[in-house]
Enquirer: 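Sharing a structure with you now.
Keep in mind that this is a model prediction, so the values were computed, not measured.
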Amino acid sequence: MVRFGAAVEICYHIAAACMIASGRPGSQVCLHARPSLARLGTEKLQFADQKTHIEWARVNVETLRILQAHDPKQCYRLLATGELSRQAAANYFSAENTKAFQQALIDVYESAHRYWKGQHPGDKPAALRDVQIEYSGIHSAFVEKYGAHIARQIAKGEAFPALPNGAPRPAAGGASPESGDAGDAASTMALTCEARIAQLDAVLERPQPMASAMRDTLLR
């Protein structure tokens with residue numbers, strides 16, 4: 001394989017080694033490395049083809065779904081900070097999910113490598129106006145279902161804020177952990193995460209060019 005560059009190649013080989021080590025003693029190291037590997041994969045996704053975008057998005061939404069089932073606070077933390085606790089990485093994900101993540105990461109790097117070599121498949125992008133219409137329809141449905149402040153937060157350009165100490169905080173307009181109403185804050189975190197998962201599911205139902213373009217908007 002042609003060298004990607006030192007940092008990229010190291011990440012690629014870590015993911016490949018983790019695939020081989022899965023289920024063995026060394027695989028715990030791979031589980032703890034997942035948050036860092038996920039960040040690196042996201043950084044290189046801009047060079048990947050549409051099919052790889054969709055694969056990465058499917059793994060991303062499945063990760064959120066698993067975190068939501070185990071601990072909505074961890075799900076919101078991932079949205080707010082891009083961070084995944086080592087406890088969650090080591091304890092919440094099945095062997096099947098872990099392998100899917102590792103394979104998706106490898107595919108991102110291989111697709112990016114093809115791009116750097118001028119060997120991309122020549123994906124045809126969706127028309128911007130069509131993307132805007134589809135996105136507007138999803139957003140309107142989510143305003144009605146989840147409320148304006150949550151729909152706005154999961155929309156384009158809205159960051160998921162975090163407290164200075166790194167603890168998650170729900171969207172403006174919802175209760176926050178420091179407000180003293182922990183029940184409302186936890187409920188808002190869970191609802192925000194539920195809305196994000198539903199949003200990504202809706203995007204992934206679209207044809208590949210449309211889903212890839214919308215994914216670029218939501219998961220930069």
Side-chain angles (χ1 to χ4, degrees), residues 34-36 38-39 41-43 45 53-54 56-94 97 100-101 104 131-132 134-206 210-220:
R34 179 165 175 164
S36 298
R39 287 193 299 273
T42 299
E43 289 174 5
L45 197 61
H53 280 192
I54 301 306
W56 188 256
R58 291 192 189 284
V59 171
N60 184 281
V61 73
E62 186 61 23
T63 296
L64 293 174
R65 209 184 315 275
I66 291 169
L67 291 175
Q68 176 81 334
H70 283 89
D71 184 354
K73 184 177 178 179
Q74 289 292 337
C75 183
Y76 188 86
R77 176 184 177 179
L78 182 60
L79 295 177
T81 67
E83 298 289 336
L84 183 64
S85 73
R86 287 192 170 189
Q87 176 186 2
N91 297 317
Y92 293 164
F93 301 113
S94 66
N97 175 267
F101 166 75
V131 174
Q132 291 171 336
E134 288 286 327
Y135 187 85
S136 178
I138 291 175
H139 180 69
S140 296
F142 276 63
V143 169
E144 182 177 347
K145 182 173 183 178
Y146 294 103
H149 75 277
I150 287 181
R152 183 171 59 249
Q153 187 163 357
I154 64 172
K156 177 182 178 182
E158 289 288 328
F160 292 84
L163 296 176
N165 66 2
R169 184 180 69 194
S176 64
E178 75 268 31
S179 70
D181 197 341
D184 283 351
S187 176
T188 303
M189 288 180 195
L191 191 62
T192 302
C193 212
E194 176 189 324
R196 179 61 138 179
I197 291 167
Q199 181 191 47
L200 290 172
D201 282 339
V203 166
L204 291 170
E205 290 175 354
R206 271 59 185 179
M210 180 66 68
S212 178
M214 296 176 78
R215 187 226 64 86
D216 286 345
T217 297
L218 298 173
L219 295 179
R220 290 176 182 173

Enquirer: Quick one: CG on Asn91 to CD on Gln74, what's the gap to the nearest 0.5 Å?
Expert: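 So the gap between those two atoms works out to 10.5 Å.
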Enquirer: Among residues at least two apart in sequence or on other chains, which ones pass side chain to side chain contact (heavy atoms under 4.5 Å, CB included) with Asp201?
Expert: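 Side chain to side chain contact (heavy atoms under 4.5 Å, CB included) check on Asp201 returns Val61, Arg65, Ile197.
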Enquirer: Using side chain to side chain contact (heavy atoms under 4.5 Å, CB included) as the criterion, list what pairs up with Ala190, not counting sequence neighbours.
Expert: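 Side chain to side chain contact (heavy atoms under 4.5 Å, CB included) check on Ala190 returns Gln68, Pro72.
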Enquirer: Just jot down the side chain to side chain contact (heavy atoms under 4.5 Å, CB included) partners of Glu43, sequence neighbours excluded, or say none.
Expert: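 For Glu43 the side chain to side chain contact (heavy atoms under 4.5 Å, CB included) partners, ignoring immediate neighbours, are Leu40.
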Enquirer: Hey, can you pull the donor-acceptor pairs under 3.5 Å for the side chains in residues 136-143, sequence neighbours left out?
Expert:
unit_1, atom_1, unit_2, atom_2, d
Ser140, OG, Ser136, O, 3.0

Enquirer: Side chain to side chain donor-acceptor pair (under 3.5 Å) for Arg34 and Thr63? Distances and angles first, verdict last.
Expert: CA-CA 11 Å; Arg34 179 165 175 164; Thr63 296; 2.9 Å; yes
Enquirer: What residues form a side chain to side chain contact (heavy atoms under 4.5 Å, CB included) with Ile66, not counting sequence neighbours?
Expert: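 Testing Ile66 for side chain to side chain contact (heavy atoms under 4.5 Å, CB included), a comparison that skips the adjacent residues, returns Glu62, His70, Tyr92, Phe93, Asn97.
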Enquirer: Determine the minimum heavy-atom distance between Thr192 and Tyr76, stating which atoms define it.
Expert: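 Of all heavy-atom pairs spanning Thr192 and Tyr76, the closest is CG2-CE1, 3.8 Å.
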Enquirer: Between Ser212 and Ile54, is the side chain to side chain contact (heavy atoms under 4.5 Å, CB included) condition met? List the steps.
Expert: CA-CA 6 Å; Ser212 178; Ile54 301 306; 4.3 Å; yes
Enquirer: So Leu64 and Leu79, do their side chains get closer than 4.5 Å, heavy atoms only?
Expert: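 Yes, at least one pair of side-chain atoms sits under 4.5 Å.
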Enquirer: When rounded to the nearest 0.5 angstrom, what is the spacing between CD1 in Ile154 and CD in Gln199?
Expert: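 Answer rounded to 0.5 Å: 4.0 Å.
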Enquirer: Of all heavy-atom pairs between Ala195 and Ile150, which one has the smallest distance, and what is that distance?
Expert: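 Closest heavy-atom pair between Ala195 and Ile150: CB-CG2, 3.8 Å.
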Enquirer: Give a yes or no on whether a salt bridge exists between Glu83 and Arg77, defined as a side-chain N under 4.0 angstrom from a carboxylate O.
Expert: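 Result for this pair is no, no salt bridge flagged.
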Enquirer: Identify, with sequence neighbours excluded, every residue that meets salt bridge (charged side-chain N to carboxylate O under 4.0 Å, His left out) alongside Glu194.
Expert: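 Partners of Glu194 by the salt bridge (charged side-chain N to carboxylate O under 4.0 Å, His left out) criterion come out as none, since no residue qualifies.
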Enquirer: Got a donor-acceptor contact below 3.5 angstrom from the Glu134 side chain to the Met210 backbone?
Expert: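 No.
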Enquirer: Kindly compute the distance separating CE (Met214) from CG (Leu204), expressed to the nearest 0.5 Å.
Expert: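 Met214 CE to Leu204 CG: 10.0 Å, rounded to 0.5 Å.
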